[in-house]
Amino acid sequence: MINVTKTFLPDQEKYLQYVREIWDRGYLTNNGPLLQELESKLKEYLNVDHLYFCGNGTIVLQIAIKALEITGDVITTPFSYCATSNAILWEKCTPVFVDIDRSTFNINPDLIEESITPDTTAILATHVYGNPCDVEKIEAIAKKHNLKVIYDAAHAFGVKYKNRSLLSYGDISTCSFHATKVFHTIEGGALISNHPELHEKLSLLRAFGHRGDESYYFAGINGKNSEFHAAMGLCNLPHVGEIIASRKDIFDAYDSRLNWDILERPERSADIEYNYAYYPVVFPSEGVMKKVMEDLAENEIIPRRYFYPSLNTLPFMPKAIACPVSENIAERVLCLPLYMGLPIEDVERIAAIINKSLLSP
Ligand SMILES: *Cc1c(COP(=O)(O)O)cnc(C)c1O
């Protein structure tokens, strides 16, 4: 069976060495030495000044919203994983969906301003598939209207835009280190911000707003992560280069074999160093896509409908807002298997099954 993804696992002995260290110390969580080591190595790798390793890629969105004291309406993208809009709802704010750009599948910056009202306080956008949002336009709009900007950079680990980590944009960027992502700590996430005045707050918010014996500052939450998760990160981080290189080979193999007379894919930004996080393809119709899915399933190949449905159509969203482009893409897009070690012969086989499926009625 070939799944859309397969989690990278490091050398077991190396991980067990860390586990034995943890046993010897008897210190399992609460800002332990491995967590601090991982944070410092991540800062170095990503070239960012401040980074807080947290429990997962959803709690960091919630902490980011809290830290920036965001209330009311939050402009966001309908084309993302539900964690993005769920975090907004969980923080008692209202997601205001702005449709995506037809070519990049990221929030369309030209549609943002018409959705701004006196209740709008922030923009929360996703760099979908690791492709950068139009960060310059978004920043200009945010400045003009005095809005905060959070980027859900769950897909953007290792991506550089204009020679700078994509995770360093916005008031706060968040990342996910879930087992399905390019770099993982089993479960995990991070908060990244260049605002010095936020740092103390972010570190406190992830740990109950409490420090030491008697200092209680505000109502924080438990967004911490453990030594065991940090150890997995320390084992995996040295492999990120080869993971991305292997993904690139698979990416190129799909690129050169799929039938682009019939299929489409999102436009890839020019000024980037990419991480090859996902391989999305868009089919002419949902019907064609479903037939391809069936043909792949017969061969035990399981792609995923990332991202479907368009988040604005979820029944629990408080404001009904049409996003025709996102709804249309979401119905027709599939992410194909992509992970380190997927043999190129399998990529060729997958491409051949898809091409054949497209040409047979
Ligand atoms: C994976 C993902 C998340 C959530 O991350 P978790 O670590 O699983 O909580 C959030 N946003 C996007 C866009 C994601 O793909």
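All ligand and atom numbering here is 1-based and tracks the order in the structure. Numbers here are sequence positions counted from 1.
By the 4.0 Å N-to-carboxylate-O rule, Asp295 lies too far from Lys356 to be salt-bridged with it. With respect to Glu39 and Lys43, no salt bridge is recorded, no charged nitrogen being found less than 4.0 Å from a carboxylate O.
Taking the six-membered ring for Trp and the full ring otherwise, the centers of His184 and Phe177 sit at least 6.0 Å from each other. Here the two rings, on Tyr254 and Tyr276, have centers that are 6.0 Å apart or farther. Taking the six-membered ring for Trp and the full ring otherwise, the centers of Phe307 and His155 sit less than 6.0 Å from each other.
Within the 4.0 Å heavy-atom shell around ligand 1 one finds Lys181. In this structure, Gly189 has no heavy atom closer than 4.0 Å to ligand 1. For Ala87, the heavy-atom gap to ligand 1 stays at 4.0 angstrom or more.
Heavy-atom contacts from other residues, nucleotides or ligands closer than 6.0 Å to CG of Asn222 number more than 12. Counting heavy atoms of neighbouring residues, nucleotides and ligands inside a 6.0 Å radius, atom CD of Gln12 does not exceed 12 of them.
Residue Gly57 places at least one N or O, backbone or side chain, under 3.5 Å from an N or O of ligand 1. The distance criterion of under 3.5 Å between nitrogen or oxygen atoms is met by Asp152 with respect to ligand 1. Inclusion of Thr58 in the set of residues having an N or O under 3.5 Å from an N or O of ligand 1 is warranted. Considering backbone and side-chain N/O atoms, Ser176 comes within less than 3.5 Å of an N/O atom of ligand 1. Below 3.5 Å of separation, one finds an N or O of His155 facing an N or O of ligand 1.
Interface atoms of ligand 1 facing Gly188, defined by a heavy-atom separation under 4.0 Å, are 7 (O). Near Ala83, meaning under 4.0 Å from one of its heavy atoms, ligand 1 places the atoms 3 (C), 4 (C), 10 (C). Interface of Ser80 with ligand 1, defined as ligand atoms under 4.0 Å from a residue heavy atom, comprises 13 (C).
In this pair, Tyr274 and Phe251 present their aromatic rings perpendicular. The plane angle is above 60°, beyond the 30 to 60° band.
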